[in-house]
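Taking it in order: structure first as structure tokens, then the write-up.
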Amino acid sequence: MANGTDSFYGSIAVFRGFASLMDPALYSPLPDDWTIGIADIVESTRAIANQRYKAVNMAGAAVIAAVTNALEGREFPFVFGGDGASFAVAPDDLDRAREALAATAAWVSEDLDLAMRVALVPVSVVRAQGFDVRVARFGPSPNLSYAMFSGGGLGWAEVAMKRGEFAVPAAPPGTQPDLTGLSCRFEEIPAVRGLILSVLVVPARGAEQAAFRQVIEDVINLVERSPDAGRPVPPEGPPLRWPPAGVEYEARAARGGTLLKRRTVVLATTLWAYVVMRFGIKVGNFVPKTYVQQVVENSDFRKYDDGLRMILDCTPELEGALTQRLAAAASGGIVRYGLHRQDAAMMTCFTPSVMRSDHVHFIDGARGGYASAATALKATAA
């Protein structure tokens, strides 16, 4: 282990109650010799205006899939941001992460026709700027955990990346990252309670940490105590149909052969999977009902990465209550926030093996999601 830090993330205890998210005792400082990876889609607002929501989400999830596969499944902290992703890696994993990032940027350009910028920022540099990078592990289910980040370091690293610093050049054209397990076979998930609300809340410049923590806890309590909001994935799982809307993306993420051959393979594979899931057919040790339950439990619809992100299925009344609380906090100089409402959510999946219970499912709004909430947030600072 490089400097004894490679086992750092796995040694952090998992917390279960999302309401305790802001407890600083849950967060551990990343070792100084670790590196932060940042990726986002350039001009994602324009892509979303052109209704390319799924492509934008696929690009963000591809970063996590590529790095995970490059690290051969070893655990590392990451967070999906809708139009990008952030993560951190130990020194021994840095070269592999760099190669995966470069390859993903090339693939996103060639196969998704989007521009992705990627950067690797040393944690020591972030700390030299007066920020920190601290990480916690939240377990939405017994099956897996997701990373939460605090300290302001991710935010600083993202701004630095957008200035062109710490850039990782894209790999040569034709370079294909290993995106095994990345798929988008489920259909859009319609709102049940009235609307799907994308929520993004970050601290205002100079805000007191205690005041910001109180606002985040108030928002979480409003949601958790209300019968008018819940996870956007229904208990029976997301809708399935065949052929799935994401066939083209899955074919482009696959390796081997022409695109036509990959499309054919994906169509055949998804037809088999649709029949198995639709009729609940047990195949060996694979039980569709158990898998769907895990999909629901593992869905990543709320997180913290120097700011609160949530995708909620809620009523217009609860949206009004959240808006009122956030507007009051914003006028008091405590937060900046962005909200975006839409009629459905969508899911992008990373399932290296259906026989394991730790498959991950990233949730975003289906009509702009986190990226549109970020645009609304930026407008408040203009």
Side-chain angles (χ1 to χ4, degrees), residues 16 18 53-54 57-58 61 80 82 138-146 181-199 223-247 249-250 266-267 269-303 309-316 318-319 341-367 369-370:
R16 299 292 177 190
F18 194 75
Y53 320 110
K54 196 63 181 176
N57 267 221
M58 195 74 169
F80 170 74
F138 168 62
S141 76
N143 308 320
L144 83 170
S145 65
Y146 289 109
L182 182 64
S183 67
C184 44
R185 297 178 184 178
F186 292 109
E187 300 301 302
E188 289 182 357
I189 309 165
V192 173
R193 296 171 177 85
L195 61 103
I196 299 294
L197 186 67
S198 305
V199 181
V223 172
E224 294 215 330
R225 293 177 182 175
S226 173
D228 296 334
R231 79 171 73 226
V233 187
E236 66 275 13
L240 265 177
R241 73 173 178 84
W242 191 87
V247 162
Y249 295 122
E250 191 167 342
V266 169
L267 281 168
T269 304
T270 54
L271 176 59
W272 177 82
Y274 174 78
V275 171
V276 167
M277 299 294 289
R278 173 70 176 80
F279 297 101
I281 302 169
K282 182 179 177 184
V283 180
N285 292 325
F286 177 74
V287 181
K289 185 177 180 181
T290 301
Y291 179 76
V292 170
Q293 180 183 342
Q294 292 167 351
V295 167
V296 175
E297 293 175 345
N298 293 2
S299 61
D300 177 33
F301 69 99
R302 54 187 183 176
K303 64 200 78 182
R309 297 176 187 262
M310 296 191 293
I311 303 294
L312 302 174
D313 186 334
C314 70
T315 63
L318 183 63
E319 179 201 14
R341 54 191 298 171
Q342 54 242 289
D343 60 354
M346 63 181 173
M347 176 182 284
T348 305
C349 307
F350 179 48
T351 310
S353 170
V354 296
M355 301 312 299
R356 290 173 45 172
S357 61
D358 59 351
H359 38 94
V360 299
H361 304 274
F362 304 114
I363 309 297
D364 200 1
R367 308 284 179 266
Y370 286 130

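When reading the values below, keep in mind they use all heavy atoms of this one structure, side chains included, and skip hydrogens, waters and symmetry mates.
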Exercise for the section: Could you check if a side-chain atom of Tyr53 sits within less than 4.5 angstrom of a side-chain atom of Gln342, using non-hydrogen atoms only? Expected result: no
Practice task
Taking the side chain as every heavy atom from C-beta outward, state whether Tyr370 and Ile311 have any atom pair closer than 4.5 Å.
Solution key: yes
Problem - Closest non-hydrogen atom pair between Ile196 and Pro232, with its separation - result: CD1-CB, 4.0 Å
Practice task
Please report the closest heavy-atom contact between Leu267 and Trp242, naming both atoms and the distance.
Solution key: O-NE1, 3.2 Å
Fill in the blank from the handout: Correct closest heavy-atom pair for Val276 and Pro288 would be O-CG, 3.7 Å
Practice task
Nearest 0.5 Å please: distance from the CZ atom of Arg341 over to the CG atom of Leu195.
Solution key: 5.0 Å
Problem - Interatomic distance, Arg309 atom CZ to Phe80 atom CZ [nearest 0.5 angstrom] - result: 9.5 Å
Fill in the blank from the handout: On a heavy-atom basis, the closest approach of Arg241 and Glu187 is NE-OE1, 3.1 Å
Handout entry: Check against side-chain contact (heavy atoms from CB on, under 4.5 Å), Val360 and Asp300
Key = CA-CA 7 Å; Val360 299; Asp300 177 33; over 6 Å; no
Completion exercise
d(Met347 CE, Lys54 NZ) to nearest 0.5 Å is 9.0 Å
Practice task
Would you indicate whether the side-chain heavy atoms of Pro235 and Val296 approach each other to under 4.5 Å?
Solution key: no
Handout entry: Heavy-atom pair of closest approach, residues Phe138 and Arg16
Key = CE1-O, 3.0 Å
Problem - Flag side-chain contact, heavy atom, 4.5 Å: Pro239 against Glu188 - result: no
Handout entry: Stepwise side-chain contact (heavy atoms from CB on, under 4.5 Å) test for Val292 and Met277
Key = CA-CA 9 Å; Val292 170; Met277 299 294 289; 3.3 Å; yes
Exercise for the section: Would you indicate whether the side-chain heavy atoms of Leu318 and Arg193 approach each other to under 4.5 Å? Expected result: no
Exercise for the section: Indicate the atoms forming the closest heavy-atom contact of Ser183 with Glu250, along with that distance. Expected result: CB-OE1, 3.5 Å
Exercise for the section: Would you give the length of the straight line joining atom CG of Asn298 to atom OG of Ser145, rounded to the nearest 0.5 angstrom? Expected result: 10.5 Å
Practice task
Spell out, as yes or no, whether a donor-acceptor pair under 3.5 Å connects the side chain of Tyr146 to the backbone of Arg302.
Solution key: no
Exercise for the section: For residues His359 and Asn143, determine if any side-chain heavy atom of one lies less than 4.5 Å from a side-chain heavy atom of the other. Expected result: no
Exercise for the section: Mark yes or no for whether Ser353, through its side chain, and Met355, through its backbone, hold a donor-acceptor pair below 3.5 Å. Expected result: yes
Handout entry: Value rounded to 0.5 Å, distance of CD1 in Ile189 from CG in Asp343
Key = 12.0 Å
Practice task
May I ask you to decide if the ring planes of His361 and Tyr291 are parallel, tilted or perpendicular, using 30° and 60° as cut-offs?
Solution key: perpendicular
Practice task
Would you give the length of the straight line joining atom CZ of Arg367 to atom CE of Met346, rounded to the nearest 0.5 angstrom?
Solution key: 8.5 Å
Practice task
Compare all side-chain heavy atoms of Asp364 with those of Thr348 and state whether any distance is below 4.5 angstrom.
Solution key: no
Handout entry: Min side-chain heavy-atom separation Ser357-Leu144 under 4.5 Å
Key = no
